[in-house]
Every structure is written in structure tokens, then in C-alpha cells.
Protein chains: 2
Amino acid sequence: MATIKDIAKEAGVSVTTVSRALNGYSDVSEKTRKRIEETAERLNYSPNSLARSLVMNKSRTIGLLVSELNRSGAKDMFTFEVMCGINDSASDIGYDLILISTNPDKQQQKSYSQLCRERQVEGVIMQGIKLDDPYIQDVLNSSIPCVLVDVEVEADNVGYVTTDNVFGAQMAVKHLLNLGHTRIAMMNGHDQAHVSMKRRKGYERELNDAGINVKDEYVLNGEFLEPAAETEAYTFLQQHPEVTAMFCASDLMALGVMRAAARLNLRVPEDLSIVGFDNIVLSEYASPPLTTISQDKYQMGYEAAKLLTSMLAKSDGARKAVLDNQLIVRETTAPAPS
Amino acid sequence: MATIKDIAKEAGVSVTTVSRALNGYSDVSEKTRKRIEETAERLNYSPNSLARSLVMNKSRTIGLLVSELNRSGAKDMFTFEVMCGINDSASDIGYDLILISTNPDKQQQKSYSQLCRERQVEGVIMQGIKLDDPYIQDVLNSSIPCVLVDVEVEADNVGYVTTDNVFGAQMAVKHLLNLGHTRIAMMNGHDQAHVSMKRRKGYERELNDAGINVKDEYVLNGEFLEPAAETEAYTFLQQHPEVTAMFCASDLMALGVMRAAARLNLRVPEDLSIVGFDNIVLSEYASPPLTTISQDKYQMGYEAAKLLTSMLAKSDGARKAVLDNQLIVRETTAPAPS
DNA sequence: TTGTACGCGTTATCAT
DNA sequence: ATGATAACGCGTACAA
């Protein structure tokens with residue numbers, strides 16, 4: 001591997017001149033610059049980013065910290081789509097992306113800031129962590145800028161990206177109300193998810209606005225898992241035949257509810273209307289295709305990286321981004337049975 | 001950020017001793033080691049991997065080079081699952097993963113080896129590239145070890161991971177033959193995919209073995225795209241009503257064929273049996289669920305990283321890994337109509 | 001316009 | 001068992 005030293009020797013100048021020539025400084029004569037550029041080309045030179053980062057104390061690298069990056073995530077593709085957005089955004093601005101995956105086991109061994117410092121990342125985007133994850137506190141204590149996905153925490157150098165979950169849930173419920181449903185249940189995720197709280201809030205608010213009082217026993221807990229949602233829905237729907245619609249905090253859970261309905265010989269949407277959340281790829285292929293609230297996951301990632309890099313550039317400015325959601329009406333919702 | 005220099009000062013020793021103590025060398029007294037470890041802890045020290053990499057000339061980083069990393073298509077689910085495997089494998093062995101995405105545009109600007117050298121990766125795993133991609137030649141000319149996913153190229157420091165595509169295709173076709181089908185078409189991908197060639201070979205071999213002669217016009221080109229496959233199948237099935245089964249080189253194309261069948265009022269599987277390839281998540285949720293050849297994508301990634309790191313450790317040894325596939329019978333195949 | 005000298009944080013060599 | 005010193009490749013203040 002050729003270094004600037006080699007180039008300097010070849011071109012008969014000092015390393016300083018080479019460095020300046022290659023970095024486009026003005027105080028180098030056109031003649032020597034040409035010569036240097038040519039020899040650099042000839043020697044197949046490319047700068048050593050490690051050395052550069054070391055001396056500049058800037059790695060131009062951001063860490064993508066994902067909790068439990070595993071196959072099961074392939075189902076909803078959420079992580080992946082967000083990642084695509086991050087990747088595009090980061091590479092637009094000339095930042096490299098380094099993948100850091102953790103799990104409860106690893107977290108015992110290494111603290112958040114250790115993980116980050118070791119890899120010399122300038123900032124971090126964190127995804128897929130629960131509210132009770134100790135890393136959240138670590139992030140707040142750390143001086144490394146961080147943007148969280150779907151966790152609304154703000155601090156000096158901590159921001160977040162999320163979507164308007166409350167309003168999204170309201171859109172879903174309003175859609176059902178408009179179809180004449182009044183006994184609407186909700187399949188929620190778990191208490192350690194920020195989005196769960198928000199979506200429940202939207203669910204309750206919209207019902208309240210419609211003058212329908214919210215029943216606690218109508219809100220189930222499906223752990224954001226398809227089988228769990230199926231099990232929960234199966235027993236619930238038996239006990240509550242009066243329920244004609246269910247709003248689910250995720251598409252995956254909605255698919256579980258659809259299975260439960262099938263096992264109970266409930267037709268979707270004639271007997272039971274279902275609205276999901278996320279608009280994952282699967283929702284379009286389900287039968288019938290799932291009505292859902294669409295989140296622009298790619299954009300979430302894109303904004304996250306944009307936010308982080310802007311925080312890196314200057315410490316003032318925005319710390320959060322909240323994206324809009326959208327109702328996608330497909331075929332799992334119909335007028336309430338009379 | 002504390003450095004070993006700080007620790008040395010605090011502990012009253014030299015940086016050399018600190019370095020050795022922290023790296024577990026034997027030639028340092030237990031007493032001073034304890035002291036050094038304590039002050040390191042107290043100062044919240046973590047090593048600067050950049051500096052270490054620089055001096056050791058080893059970054060312990062591998063690049064994951066993905067062509068056209070983007071939201072669209074099932075290719076992405078594939079990419080993601082492979083990535084999970086790579087990530088787990090790499091982190092098991094203490095390697096970091098850095099994401100490098102390219103597209104034709106970027107390739108014009110930077111050569112493969114430039115991309116790698118700049119980021120100082122020790123090795124590369126390449127995924128999602130076509131046979132005519134110029135980067136493949138670059139890889140062969142480069143001295144940076146590389147493992148390709150689904151491209152069977154071998155050289156001094158180039159290996160690959162793939163599955164037994166020929167035999168996979170044979171299993172698919174045999175399954176159809178066993179059900180009594182004889183007029184079996186194939187929806188292939190495009191000529192620039194290695195797997196296309198292999199799967200076609202398996203298709204032809206199995207038919208030949210059964211004494212059925214292969215018709216060129218029975219092999220279609222769906223570009224690995226759902227809509228393209230749908231279009232192709234739509235016209236083909238009209239012209240060839242005698243065909244009772246179709247083997248598809250990807251699940252996504254199989255879904256396209258299913259759409260075409262639906263538009264033609266052909267029942268699946270009663271009128272038309274379909275077998276896919278890949279076993280993507282979607283295939284399980286299609287209606288009816290898709291019979292397919294399952295590839296263990298996670299394992300592919302895991303093996304790829306394992307292969308690469310072993311190549312990094314010692315230059316002799318295995319250069320390739322070929323994984324087995326598996327027939328997953330679901331509900332898109334039935335006995336041939338009589 | 002160009003070169004000298006130093007520092008970034010770490011490991012490795014050679015003394016002591 | 002420990003320390004001084006040189007390297008790794010690069011950027012930059014300062015001098016010329």
C-alpha cells in the first residue's frame with residue numbers, strides 16, 4: 001500500500017506538500033499538484049482513513065446499534081428498511097456505517113460507551129431497544145451524540161426520530177368508527193415499548209372524542225408477536241363476541257389476530273374488521289390484504305442519520321423529527337355488521 | 001477520553017507497562033497489573049481501536065459490500081437474513097462489520113480496491129452482484145480477501161458461499177414429477193445471475209433423467225421480479241395450456257406467476273402447480289402458501305464470515321462452502337390433472 | 001510555495 | 001519486571 005511518504009519520495013517533494021496537494025489546498029503550485037496527483041494515481045494510492053481519523057480525532061463513522069439483530073426481525077423488515085435509509089443518508093454526507101449488535105448477554109459485559117469508544121464512532125443511531133433497556137440511561141450519561149428510533153428521549157446530545165403514533169392510531173380508529181363500529185378492541189404490544197403507549201393513547205382519545213367510553217378489558221397485550229397475538233385474540237374473541245373490530249399496534253400482530261379469527265370461523269372483514277400498524281411488506285400479501293397505518297421506515301432511517309450528522313456538525317438545532325403516517329385501506333375492514 | 005498515557009501517569013508507570021498489563025502479557029508483576037487495571041477502570045478507559053489498528057496494520061474489520069441496498073424487493077429480505085448471519089459470525093470472532101453499499105453510479109467513481117483500502121477492511125463479503133459486474137474482476141485482481149455470496153468464483157484469496165442450486169432445482173422438479181406432471185415449465189431469473197444457470201441446469205438434468213425432453217420455449221425469463229414474472233407467465237400460460245406445473249427460480253417470481261394464474265382463472269394447485277425457490281418469509285403467507293426450496297440464508301451469511309475470517313487467519317484451507325437446500329411442501333403443488 | 005517537526009494512541013524492539 | 005524509543009500514516013503549526 002502506497003503512502004504519502006512514497007508519493008513524496010517519487011515526486012521529489014515533502015509529505016506536507018503531498019498532503020496539501022491531495023486535500024485540495026490552495027497554497028501549492030499547479031505544476032507540483034499535477035505531478036503529485038499523477039504519481040498518486042500511478043502508485044494506486046488511497047488515503048489511510050485510520051491514520052487520518054487518528055490525527056484529526058474524527059472517524060467520520062457512525063454506529064448503528066441494534067438490539068437483537070436476528071432472523072426474527074426479517075419478518076417485519078422494519079430494522080432493515082430503517083437501515084437502508086440510514087445508509088443512504090450517511091453515505092450522502094460521507095459517513096461510514098458500522099454495525100453494532102447487542103443482546104442482553106453482551107450488555108452485561110460491555111457498557112454502551114465502551115462499545116462506542118472502542119469503535120471510535122462519532123455518533124450512534126439506536127434501534128430496537130425497549131424502554132427499560134439500561135442502555136438508554138447510558139446514552140443519557142454519555143457524551144456521544146445519539147439518535148434513538150422510536151424512543152422519545154431528549155437531552156443535550158440525544159435526539160430521536162419517530163412517527164406520530166398517537167395520530168396514527170387515531171386515524172385507524174376513526175376509520176373503524178366511520179364504518180359504524182363501536183365495540184372496538186385493541187391488540188397492543190408490551191409496556192416496554194414507547195410506541196405502545198402512544199398508540200394506546202390515540203386509541204383512547206379517538207374513542208373518547210366519539211363519546212365511546214374505553215374499556216380496559218378491550219385492550220390486549222400481544223407482545224408484538226404473531227403467535228402471542230393469536231393466542232390472546234383467540235380467547236378474547238370467544239369471550240367478547242360483541243366486538244366487531246380490532247385495532248392492532250403492529251401488522252404482525254394483526255396477522256395473528258387474523259389467524260385467530262379463522263380458527264373461530266369469523267370472517268374478515270365481514271364479521272371482524274382489523275387494522276394493523278406499520279405497513280410491512282407482508283401486510284400486502286396477507287389474505288385478505290391488511291388495512292393498516294403506514295410508517296415510512298426508510299424515511300425514518302434517513303432522517304435519523306440526517307439528524308445525527310447535523311448534531312455532529314453543530315450542537316444547536318433540531319434534536320427530533322416526527323414523521324407523518326398514513327392510512328392504507330385494503331380489505332380487512334368493512335362496515336360493522338348490523 | 002483517557003489514554004494509556006493518562007493511566008501511565010496516574011499509576012506511575014510507563015506506557016509500555018500499561019499496554020502490556022492491559023493486554024495480558026505475562027511479564028508484568030501481579031501487583032502493578034492490579035494497580036493499572038484499577039486506574040484504567042477508574043479513568044473509564046477504553047482502547048482506541050484506530051491507533052491500535054494503525055500500528056498493528058490490522059483493522060479487525062470486514063466490509064459488507066452490497067450492491068443496490070434498497071427497500072425494494074424480496075432481495076432485501078434475502079440480504080437482511082444473510083447479513084444477520086454475517087453479523088453473528090463476525091462478532092463471534094471479534095470482527096467489526098462495516099457497511100459498504102454501491103450502485104452503478106458509485107462504481108464509476110471508485111474502484112473496488114479504493115473502496116476497501118480507504119476503509120481499511122481486512123476482507124470483504126460481497127453480496128447481490130451480478131455476473132457482469134465489473135467489481136468481480138476487480139476482486140480477482142485485488143489482494144484483499146473476499147468471499148462472494150452466490151457467485152462461484154475462486155482465486156488465491158477469493159472464495160464463495162452458495163447452496164446446491166442444481167440439486168435444489170432437481171428436488172423441485174422431482175417433486176413435480178412425482179405428482180405426475182410431465183409438462184413442466186420454468187420461470188428463470190436473468191442470465192447475469194449465477195444461480196439462474198445452476199437452477200436451469202438442475203431443471204434440465206432432472207427432466208432428462210426422467211426421459212422428458214427439455215423444450216427451450218418452456219423456459220421463461222422473469223428477471224427475478226414479481227411483475228415481470230407475472231407478465232411473462234400471463235402470456236405463456238395462455239399459449240401453453242398444456243403446461244400443468246411451473247418451477248420458479250425465486251419465490252418472488254412464483255408469487256408473480258400465482259397472480260398471472262389468478263388472472264387466467266387457473267386454480268393453484270388444481271390447474272397449475274407451482275414451486276418456488278428461496279423460502280422467503282412471504283412464501284409462507286401467500287395464499288395458498290407456497291411450496292418451495294428453502295435456502296438457509298442466515299447460515300449462508302454465517303458461513304461466509306467464517307470462511308473469510310479463516311482465510312484471513314491462514315491463507316490455505318477451504319475457499320468455498322456449499323450448503324444444502326430443502327424442499328418445503330406447502331399448498332401450491334398437487335397431482336397433475338388427468 | 002515548500003519543508004521541518006511534532007503529535008494522534010497504540011504496539012514492538014531493545015535495553016536495563 | 002520495567003522503561004525509553006521508534007514506528008504506523010497522516011495533518012498541521014511554524015519556519016523558511
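Convention: sequence-line order gives letters A, B, ...; per-chain numbering from 1.
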For A:Arg52 and D:dC10, give me the distance from atom CZ to atom P, rounded to whole Å. 8 Å

Going by heavy atoms in the side chains, are A:Val161 and A:Ile125 under 4.5 Å from each other? no

On DNA chain D, check which nucleotide each of B:Leu54 and B:Val28 is closest to and give me the residue with the more 5' one. B:Val28

Within residues 35-43 of chain A, the residues having a heavy atom closer than 4.0 Å to DNA chain D are none

B:Val13 and B:Ile36, any side-chain heavy atoms less than 4.5 Å apart: yes

Side-chain donor/acceptor of A:Ser53 to backbone N/O of A:Ala51, under 3.5 Å: no

As a quick check of understanding, evaluate side-chain contact (heavy atoms from CB on, under 4.5 Å) for B:Arg33 and B:Val28, giving each step before the final call. CA-CA 7 Å; B:Arg33 154 166 290 134; B:Val28 50; 3.2 Å; yes

Categorize A:Thr32 for me: base, sugar-phosphate, or nothing, with a 4.0 angstrom heavy-atom threshold over every strand shown. sugar-phosphate

For the residue pair B:Gln295 and B:Phe78, establish whether any side-chain heavy-atom pair is separated by less than 4.5 Å. yes

Kindly state which residues belonging to residues 3-23 of chain B come within less than 4.0 angstrom of DNA chain D, counting heavy atoms of the residue only, listed by number. B:Gly12, B:Val13, B:Ser14, B:Thr16, B:Thr17, B:Arg20

Sugar-phosphate only, base, or nothing, as touched by B:Asn57 at under 4.0 Å among non-hydrogen atoms: nothing

Whole-Å distance between D:dC8 C1' and A:Leu50 CG? 10 Å

Return the minimal non-hydrogen interatomic distance between B:Met311 and B:Ala318, and the atom names on each side. CG-O, 4.1 Å

Between A:Met56 (CE) and D:dA13 (P), how many Å, whole number? 12 Å

With the side chain counted from C-beta on, respond yes when B:Tyr112 and B:Val124 share a heavy-atom pair under 4.5 Å apart, and no when they do not. yes

Min and max contacting nt of DNA chain C in 5' to 3' order, chain A heavy atoms within under 4.0 angstrom, are C:dT1 to C:dG9

May I ask you to test the B:Pro145-B:Leu308 pair for a side-chain heavy-atom distance under 4.5 Å? yes

Please report the distance, rounded to the nearest Å, between OH in B:Tyr25 and P in D:dG3. 17 Å

Using every non-hydrogen atom in the two residues, find where B:Ala90 and B:Leu97 come nearest and quote the distance to one decimal. CB-CD1, 4.2 Å

To the nearest Å, how far apart are B:Lys34 NZ and D:dT2 P? 14 Å

When you measure from the side chain of A:Arg35 to the backbone of A:Ala11, do you find a donor-acceptor pair of N or O atoms at a distance under 3.5 Å? yes

In this structure, are over 12 heavy atoms from other groups packed under 6.0 Å from B:Lys31 atom NZ? no

